[in-house]
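First the structure, in the form of structure tokens, and then the observations on it.
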Amino acid sequence: MLTSYAIAFAAMLGTVLCYPEGRVVNGTATAIRKYPFMVSLRTASGAHSCGASIIAPRWILTAAHCVNGRTPSQVSIQFAASIIDRRGAHLAQVKRFVIHENYKPSGAYINDIALVELQNALVYDYIRIAPVALPDANFEVPQTELGAVGVLLGWGLNATGGVYMATLQEVTLKIFSDSECSTRHDGDTNANHLCAGVDEGGKGQCTGDSGGPLLYKGSIQLGIVSWSIKPCGIKYYPGVFTKVSHFVGWIRQHVDAVV
């Protein structure tokens with residue numbers, strides 16, 4: 001592990017490192033009524049750790065690295081909340097995790113996707129509690145729409161070394177082609193990854209945004225925040241997401257088996 005001195009020295013040299021993510025950089029405050037599927041994954045102490053989204057009354061979609069190595073008793077979710085708080089209301093306990101069987105945390109976080117089953121079903125009011133729309137299986141953004149707008153949601157850090165946001169944030173990003181995604185990350189991404197950012201840098205995912213959704217056309221979840229190059233929002237290196245459309249069959253296999 002790098003010492004604090006080594007980290008500081010690397011930063012002076014302009015070195016960028018790859019880690020799972022946290023808060024939205026340069027986002028704006030938004031409301032759960034606009035995105036009623038958004039939830040916060042919490043640690044045993046009640047602190048926010050990752051974003052996630054409701055996909056069924058008992059099921060939450062997130063990144064594998066957000067729950068890998070934890071037990072269900074160490075995680076809860078806070079839902080129906082624009083502002084998250086350790087002592088907040090609308091909490092749900094977790095029954096189990098389903099982590100993708102081919103998840104590989106080393107390198108580029110291959111198959112970084114997981115399901116969280118709740119002990120009790122959520123009751124939709126379609127105002128502050130509702131499921132996100134999933135894309136069609138194997139959907140790809142049409143070539144004519146590459147560069148299209150994606151919306152990232154999260155409570156993560158506002159910058160590397162910054163602070164977590166108590167109020168839900170949203171930021172508009174550009175969706176990159178798979179080839180551009182791979183080129184910018186020196187071949188470390190594959191067809192199951194999706195990239196989104198802005199050409200000028202300064203916007204995107206950060207620590208604490210992991211597991212949260214990237215939306216397409218305002219309501220369809222195309223991506224799950226997986227990893228990025230630090231510092232957060234650095235120019236040229238868009239954030240990397242798990243491409244949800246490539247895992248729709250896997251999601252349905254597990255969710256449909258029990259709902």
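All values derive from a computational prediction rather than experimental measurement.
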For a quick test of reading the model, state the closest non-hydrogen atom pair linking [X] to [Y] and the distance between them.
{"X": "V248", "Y": "P135", "result": "CG2-O, 3.4 Å"}
{"X": "A196", "Y": "F241", "result": "CB-CE1, 3.7 Å"}
{"X": "A130", "Y": "Y124", "result": "CA-CD2, 4.0 Å"}
{"X": "F79", "Y": "V39", "result": "CB-CG1, 3.7 Å"}

With side chains defined as the heavy atoms from C-beta onward, is the minimum distance between [X] and [Y] less than 4.5 Å?
{"X": "V255", "Y": "V98", "result": "no"}
{"X": "L215", "Y": "V132", "result": "yes"}
{"X": "V240", "Y": "D188", "result": "no"}
{"X": "V244", "Y": "L214", "result": "no"}
{"X": "Y126", "Y": "P36", "result": "no"}
{"X": "L134", "Y": "R252", "result": "no"}
{"X": "V198", "Y": "L173", "result": "yes"}
{"X": "D199", "Y": "F176", "result": "yes"}

Check for a donor-acceptor pair, side chain of [X] on one end and backbone N or O of [Y] on the other, with a separation under 3.5 Å.
{"X": "Q78", "Y": "L91", "value": "no"}
{"X": "W155", "Y": "I83", "value": "no"}
{"X": "S210", "Y": "C66", "value": "no"}
{"X": "R42", "Y": "S49", "value": "no"}
{"X": "E180", "Y": "S177", "value": "no"}
{"X": "Q169", "Y": "T167", "value": "yes"}
{"X": "H185", "Y": "P238", "value": "yes"}
{"X": "S245", "Y": "D136", "value": "no"}
{"X": "R86", "Y": "G46", "value": "no"}
{"X": "N111", "Y": "N102", "value": "yes"}

Test log, rule side-chain contact (heavy atoms from CB on, under 4.5 Å), inputs V75 and V116:
CA-CA 10 Å; V75 177; V116 177; 5.6 Å; no
Out of F247, F97, W59, which one pairs with L115 under the side-chain contact (heavy atoms from CB on, under 4.5 Å) rule?
W59
If you apply the rule side-chain contact (heavy atoms from CB on, under 4.5 Å), what do you find for R184 with C195, and how did you get there?
CA-CA 9 Å; R184 293 194 178 213; C195 278; over 6 Å; no
Which value, rounded to the nearest 0.5 Å, describes the distance between [X] atom [atom1] and [Y] atom [atom2]?
{"X": "M38", "Y": "E170", "atom1": "CE", "atom2": "CD", "result": "11.0 Å"}
{"X": "Q205", "Y": "S226", "atom1": "CD", "atom2": "OG", "result": "8.0 Å"}
{"X": "I224", "Y": "C50", "atom1": "CD1", "atom2": "SG", "result": "11.0 Å"}
{"X": "Y35", "Y": "L168", "atom1": "OH", "atom2": "CG", "result": "8.5 Å"}
{"X": "K203", "Y": "L152", "atom1": "NZ", "atom2": "CG", "result": "11.5 Å"}
{"X": "H90", "Y": "S40", "atom1": "NE2", "atom2": "OG", "result": "13.5 Å"}

How would you list, by chain and number, every residue that makes a side chain to side chain contact (heavy atoms under 4.5 Å, CB included) with D125, sequence neighbours excluded?
I127, R128, I129
Could you walk me through whether I229 and Y236 pass side-chain contact (heavy atoms from CB on, under 4.5 Å), step by step?
CA-CA 10 Å; I229 301 296; Y236 184 77; over 6 Å; no
Would you call the rings of H193 and W227 parallel, tilted or perpendicular, taking 30° and 60° as the class edges?
perpendicular
List the steps and the verdict of side-chain contact (heavy atoms from CB on, under 4.5 Å) for I54 and I60.
CA-CA 5 Å; I54 299 168; I60 307 299; 3.8 Å; yes
